[in-house]
Amino acid sequence: MQPRILLSPPHISGREQTYVEEAFQSGWIAPIGPQVDAFEREMAAYTGSKGALALSSGTAAIHLALRLAGVSQGDYVICSTLTFVASANPILYLGATPVFIDSEPETWNMCPRAFQRACREWAYKGRLPKAAIVVNLYGQSADMEPIVEIANHYGITLIEDAAESLGAFYHGKASGTWGKFGIYSFNGNKIITTSGGGMLVSDDTDALEQARFWSTQARDTAPHYQHSEMGYNYRLSNLLAAIGRGQLELLEERVERRRQISQTYMDRLASIPGLQFMPEAPNCRSTRWLSALTIDEEVAGVNANQLLASLEHNNIEARPVWKPLHRQPLFANSTYYPYLKEYSVADQLFSNGICLPSGSSLSDEDLGRVVDTIETCIQNGRTVLNS
Ligand SMILES: *Cc1c(COP(=O)(O)O)cnc(C)c1O
């Protein structure tokens, strides 16, 4: 059996250790501390945000952003359907109800027209959602300009789930900085990692101070422990922030490598009919956090599941595209706005889409092994198809 090739494992460089040692030597083995402060400043500078708040996860950042948007029991929140469940779980934490929006074929992200349709209908019902969570899938920004315009028009607070798109740009501005709030994740599979962690960014520094207060158990200013509001234990530890600083220094290199991997897949699989890679939208830089493609069974002779099985058989980890949230049992009976009345892009991507190994530490040799496995699988499929 050949060694396992993983989808997107952590990629540690060694620079992290310098900062971790600094943290040890300073005695700050605690949540909060100088490494956290520095990591926040560096993230704000990289993204071009006025402020940043380091948190224990991206999910925590979404939760706080929703609370800042004033979401509470009985409210509605718009959310992209094609995403990881973490995008929508915080809506439930607050007792609110998600309303899901389909993707568009151009970006695989929230379709501005379906978003507009939803806003118009809910405005008419007099139950306009308080917030909208727009997800930037697999390292690519959604088409933010029309989305921002629609949100502003209806007075909906826009939250960008940029957990998968740190390092991406849309029209020259960092992904995650187009909404009122942006969130990033440093989970182990993301483009940079602290093993676990997240960041909330915004130009509204007062709002970030409010979130900072909630994230440390909402302690009032008093010598004794006094609390007037409900809080959380959501801060990032100083040690993990130290890892994050070392990782952030290498972000550009990580983006370059992931893009190179993606380009290699596209070049080497270009002659295979029936394969289509996730497009890169014009005026954008996708990080290609995951290289994703769809497979047309009628042309390729194999379907996504067969290709996944063949990769697994060769000890290669690949995954289906996210199962849309409106199809999850957790969100049964939720309202959903498809791309067209009779056509759901997200459902289509889920049935035909797969994500290939994309980690920045993937060697050229292993990359070749993935390509060869796909070629062989489809050659066999086409032989059957033509016989
Ligand atoms: C990873 C991820 C999250 C959650 O981030 P955590 O840090 O794991 O809580 C949220 N949204 C998307 C789209 C993600 O991929």
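In listed order, ligands and their atoms are each counted from 1. FYI, side chains are in, hydrogens and waters are out, and symmetry mates aren't considered; it's all heavy atoms of this structure.
- Backbone and side-chain nitrogen or oxygen atoms of Trp289 are examined, and none is located within less than 3.5 angstrom of a nitrogen or oxygen of ligand 1.
- Between Gly198 and ligand 1 there is no heavy-atom distance shorter than 4.0 Å.
- With ligand atoms numbered from 1 in the order given, ligand 1 contributes 4 (C), 5 (O), 6 (P), 9 (O) to contacts under 4.0 Å with heavy atoms of Thr59.
- Close contacts between ligand 1 and Ala163 involve ligand atoms 2 (C), 3 (C), 10 (C), 11 (N), 12 (C), 14 (C) [criterion: under 4.0 Å to a heavy atom].
- Listed by number with element, the atoms of ligand 1 under 4.0 angstrom from any heavy atom of Ala86 are 3 (C), 4 (C), 10 (C).
- The two atoms that bring Arg288 and Pro279 nearest to each other are NH2-C, 4.2 Å, heavy atoms only.
- When each of Arg257, Arg259, Arg285 is checked for a salt bridge (charged side-chain N to carboxylate O under 4.0 Å, His left out) with Glu252, only Arg285 meets the rule.
- Looking from atom 15 (O) of ligand 1 to the surrounding protein, the closest heavy atom is Glu164 OE2, 2.6 Å.
- With respect to Glu145 and Lys173, no salt bridge is recorded, no charged nitrogen being found less than 4.0 Å from a carboxylate O.
- If you take CZ on Arg113 and SG on Cys111, they are separated by 4.0 Å, rounding to the nearest 0.5 Å.
- Checking each of Val201, Asp203, Thr177 against Lys50 for a side chain to side chain contact (heavy atoms under 4.5 Å, CB included) leaves exactly one that passes, namely Asp203.
- Annotation: cation-pi pair Arg219/Tyr225 present, NZ/CZ under 6.0 Å from the ring centroid and within 45° of its normal.
- Put simply, OG on Ser87 and CZ on Phe100 are 9.0 Å apart, with the number rounded to the nearest 0.5 Å.
- Here's the thing with Trp322: none of its N/O atoms is less than 3.5 angstrom from an N/O atom of ligand 1.
- Counting atoms of ligand 1 from 1 in the listed order, those under 4.0 Å from a heavy atom of Gly197 are 7 (O).
- Near Asn187, with a cut-off below 4.0 Å to any heavy atom, the atoms of ligand 1 are 8 (O).
- Between Gly58 and ligand 1, at least one N/O pair is under 3.5 Å apart.
- Considering backbone and side-chain N/O of Ser185, one or more are found under 3.5 Å from N/O of ligand 1.
- Between Asn136 and Ser141, the shortest heavy-atom distance links the atoms OD1-CA, 3.5 Å.
- Protein heavy atom at the shortest distance from atom 2 (C) of ligand 1 is Lys190 NZ, 3.0 Å.
- With ligand atoms numbered from 1 in the order given, ligand 1 contributes 11 (N), 13 (C) to contacts under 4.0 Å with heavy atoms of Ser87.
- Near Ser57, meaning under 4.0 Å from any of its heavy atoms, are these atoms of ligand 1: 7 (O), 9 (O).
- Only the side chain of Asp161 comes within 4.0 Å of ligand 1, judged by heavy-atom distances.
- The two residues Phe115 and Ile101 come nearest to each other via the heavy atoms N-CG2, 3.7 Å.
- Of all the atoms in ligand 1, the ones that sit under 4.0 Å from a non-hydrogen atom of Thr83 are 13 (C).
- Here the CH2-CE distance, from Trp108 to Met278, works out to 6.0 Å after rounding to the nearest 0.5 Å.
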